[in-house]
Amino acid sequence: EWADSRLYSVAEDPARPKYYVLEMFPYPSGDIHMGHVRNYTIGDVLARHLTMRGFNVLHPIGWDSFGLPAENAAIKNATHPATWTYANIEKQTESFKRMGFSYDWDRKVVSSDVDYYRWGQWIFLKFWERGLVERKSSPVNWCPSCKTVLANEQVLGDGECWRCHSHVEKRELEQWYFKITEYAQELLDDLDTMTGWPERVKTMQANWIGRSEGAEVQFQVCDAAGEPRDETITVFTTRPDTLFGCSFFLLAPEHPLVREFVAGTEYEAAVNAVVAGAARETAVERSMGEREKNGAFTGRYVVNPVNGEKVPVWVSDYVLMDYGTGAVMAVPCGDQRDFEFARKYGLPIPPVVVPEDDDELLNELAGVRERLRADVPWECAYDGPGIMVQSGEFTGMPGGKASEGMRAVTEWLRERGQGDFSINFRLRDWLISRQRYWGNPIPAIHCPVCGLVPVPEKDLPVELPRDVDVTKGETLADHPEFYETTCPKCGTAARRETDTMDTFTCSSWYYIRYADARNEEAIWDKAKADYWLPVDQYIGGIEHAILHLLYSRFFTKVFRDMGICEFGEPFTNLLTQGMVKMDGEVMSKSKGNVVAPEDMIAKYGCDALRAYILFMAPPDKDLEWSYEGLDGMYRWLGRVWRLVDESAEEVAGGCGVAASGDEAAKSLHREMHRVIGKVTGDIGSFQLNTSIAAMMELTNAAYDYRKSVPAGSRDLALVRDVAQTHTLLLAPYVPHMAEELWSAVLGHEGSVHRVPWPAYDASAAAADVVQMAVQVNGKVRGKIQVEVTLAEEDVIAAALTEVASWVEGKDVKKVLVVPGKLVSVVVAG
RNA sequence: GCGGGCGUGGCGGAAUUGGUAGACGCGCCGGGUUUAGGUCCCGGUGAGGCGACUCAUGGAGGUUCGAGUCCUCUCGCCCGCACCA
């Protein structure tokens, strides 16, 4: 009923501070589950609370409605992805309304609506203008089950597709990319400024971006006869200080030079065997931890720039084509992998950086510049800091990561044009094209004359045609009426791109669109975006720690550089909520341990469900489902209802005193203010479980008052105050019940959700008599009740009397007083 | 291997950040109202001991008048990344 009254629609308002609460928008995959309930309840409590506190709160909702599950479900149910998607959105909308979430429905966005995705196409064009779009051929992740390519971020650690868990294959394909790597450094640097994000998420992003500092080194290539050619191969290394220890050189099996080097030589067969072996191994085997390293000599040599030595070029399966340059200088004394490879194939392992405490080896090689020893006397590689030996003019310098030796060698290379300082990232460009129907069409045209041509802005949107039958396995590539077009530049017959964009492109900017969701002229009005954004509190699952959250940060930075917003980070505070589990396992249909929210709403009402799911665990921790716990929550809410109801009746009947001022009343009044303070503080720090516990304490205190003071002599002003305050405190958590209590029981006009939050009075919460513990040598031996105003010496006197039997006949060394807490007596003897 | 996190009653979880460990709830035990049961109300509930007391926050040390909290070592569990040169 609130949704219809537009109680939660908001507009920009300079008079009040703004606050933007956002939960990650759902994928419309069917009925809502407990994870949704938890996610959206946490956000709703915060939004309602802050509204009562006087903030201008934006709390929107929408659906991330493009994507593969819709196609799979459509195939299964012999329907259209759109039918399935929009039916689920309807269903989820009803559930959300039943849960009482305070959304501004006027701002709803649905990513499969053309009003929304046309701006996604606009973003694509703008990125293209800025040089952030690239179409290139490279080995990509291909999911044979989903029949599409995947981004690196969408391949799980064990080499499985993030959606269907099939083994992902590598294929060489031409695809569309967003150049997120251009922002790698900034995405990494800004993590340090994000104090409102969990350490865990920031660490995961930093590891994913994976910055390494080092150097590029150029090795001159020798021809088949062993004579240096006018051609170089560049490698990246984090340890240029070990360059003198490079005793062989490695190429990845996929490296283009491998074929050229061995074609028609005696080495071809052995090398091909290694290449074929590596190709057979998918990401699955590659992730099996310590693996036997295989390799073969290519018959070629490269020249080590620091000493002119010719080192053999090998191919090996432990070198990755997509990191660095796909070529590696092997320094077996300082790298465990190189060490193992050298041992296996009998290659030399000359020491070049020796730990400072290895006196024997250091003495032997002290001051030695040329190679004296071809092998280390060690059983494994040493990669820590140490002294450089056998290293020409650098001998004797400190070596190691970020060492003086590393800088000196790099400088030396730079002067000769054979290398330079360099930084390498693990982050790869974001592959955004998908060979599937249910997505946002990429606005590009392949012209036989002009090549790749962007769809002109005036021709947007490229509408996704409805009449594609996914149940027959069709995609846009099966529909000539879609792809047959003419080049916007030259008018020649041309082919429209038939790939669609990764759904993560849709979710990378929706949070800004909410600021101006109905804008048909522009993606958003800049002033509106800058008013509402960044999101003050973002709430969602940890599974998006890298994917969605990294992509969104990237988009925001590009938007800022485009000048369409001022902010460079989208989410100021991030809460990653825990999962809802049953018997220690995540609820899932396949495990059959799902508790349906709708069933619980039917039995207990949504208020009890909301309060329960918040009470059972802190929001960021996993929550173990318990039906008994939900029973308990239902009981408490009944208790509160009766309390407020009886109080209202009593006040209306006038049976009592106006204001008693007795000890019981003072104590209840104090408790009420303590709880206001506790609840207010706990919501702010997301300790929603303890804020509910505090409200339970207020309920208990109110009942204690009723027990200890007979009807007729109760303080009616206080009774009324407690009933009203209790109702207001409850309002964000149990909005329906609080509304009923407020209007029907307490007889107020208007919504409880528009009443100001109860003011916390710290002095009213302060007790005038406190209990203090008395410790003797650190152990609690007694307790005393004292007036808070009592002078310290009197407190000590009272304390010593209390523990007289423990102090008697002993020497009191020291007495410490922690005001309001305890007295600590130290005795000897 | 690298990185992040966690470990407190029968259970979920509190603990003002170094100050009375176990708030609040569940469960359990006892009692009451009503009674056909449930709802509801009251009391109890870390372990040991008749007791004064003693022992308790994964384990072992340490700092301190005082440690769940800080330091060192150690065990166990969860999550992320992983042949990243």
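Note on naming: letters A, B, ... go to the chains in the order of the sequence lines (proteins, then strands), and numbering restarts at 1 for each one. Just so it is clear, the values below take in all heavy atoms, side chains as well, and ignore hydrogens, waters and symmetry mates. These numbers were taken from a predicted model, which means no experiment stands behind them.
No contact: Asp338(A) has no heavy atom under 4.0 Å from any strand. No contact: Asp335(A) has no heavy atom under 4.0 Å from any strand. Heavy atoms of Arg337(A) sit under 4.0 angstrom from at least one base atom. In this structure, Asp631(A) reaches neither bases nor backbone, as no heavy-atom distance under 4.0 Å exists between it and the strands shown. Base contact: Gln771(A) has a heavy atom under 4.0 Å from a base atom.
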Taking only nitrogen or oxygen atoms into account, show me every contact under 3.5 Å that the protein makes with nucleotides 14-19 of chain B, one pair per line with its distance.
from   : atom 1 : to        : atom 2 : distance (Å)
A14(B) : OP1    : Asn689(A) : ND2    : 3.0
A15(B) : OP1    : Gln687(A) : NE2    : 3.4
U16(B) : O2     : Lys821(A) : NZ     : 3.3
U16(B) : N3     : Lys821(A) : NZ     : 2.9
G19(B) : N2     : Gln775(A) : OE1    : 3.0

Quick one: which protein N/O atoms are closer than 3.5 Å to N/O atoms of nucleotides 28-33 of chain B? Pair and distance per line, please.
none

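Side-chain N/O atoms of Arg639(A) and Asn700(A) include a donor and acceptor closer than 3.5 Å.
Between the NE2 atom of His544(A) and the C1' atom of C79(B) there is a distance of 17 Å, given to the nearest Å. Atom-to-atom, CG of Leu623(A) to C1' of G13(B) comes out at 11 Å; the value is rounded to the nearest Å. Atom CG in Leu688(A) sits about 14 Å away from atom C1' in G13(B), given to the nearest Å. Taking atom CG of Asn700(A) as the reference point, atom C1' of C41(B) lies 13 Å away to the nearest angstrom. The interatomic distance linking Asn207(A) (CG) with C84(B) (C1') rounds to 12 Å, in whole Å. Counting to the nearest Å, the P atom of G4(B) and the CG atom of Leu191(A) are 14 Å from each other.
Glycosidic conformation at U57(B) (O4'-C1'-N9-C4 for purines, O4'-C1'-N1-C2 for pyrimidines): anti, more than 90° from 0.
Shown for residues 632-645 of chain A: residues whose heavy atoms fall under 4.0 angstrom of RNA chain B, namely Gly632(A), Arg635(A), Arg639(A), Arg642(A).
Ring to ring, Trp636(A) and Tyr612(A) are not that close: their centroids are 6.0 angstrom or more apart. Aromatic rings of Phe615(A) and Tyr733(A) (six-membered ring for Trp) have centroids beyond the 6.0 Å cut-off, not under it. Aromatic pair Trp378(A)/Phe339(A): ring centres not closer than 6.0 Å. Here the two rings, on Trp208(A) and Phe425(A), have centers that are 6.0 Å apart or farther.
Note on ring orientation: taking the six-membered ring where Trp is involved, the planes of Tyr551(A) and Trp430(A) are parallel (angle under 30°, cut-offs 30° and 60°).
Regarding contacts with the backbone of A82(B), a side-chain N or O of Arg426(A) is found under 4.0 angstrom from either OP1 or OP2. Regarding contacts with the backbone of C65(B), a side-chain N or O of Lys814(A) is found under 4.0 angstrom from either OP1 or OP2.
Under 4.0 Å is where a charged nitrogen must lie from a carboxylate oxygen, and between Arg642(A) and Glu649(A) no such pair does.
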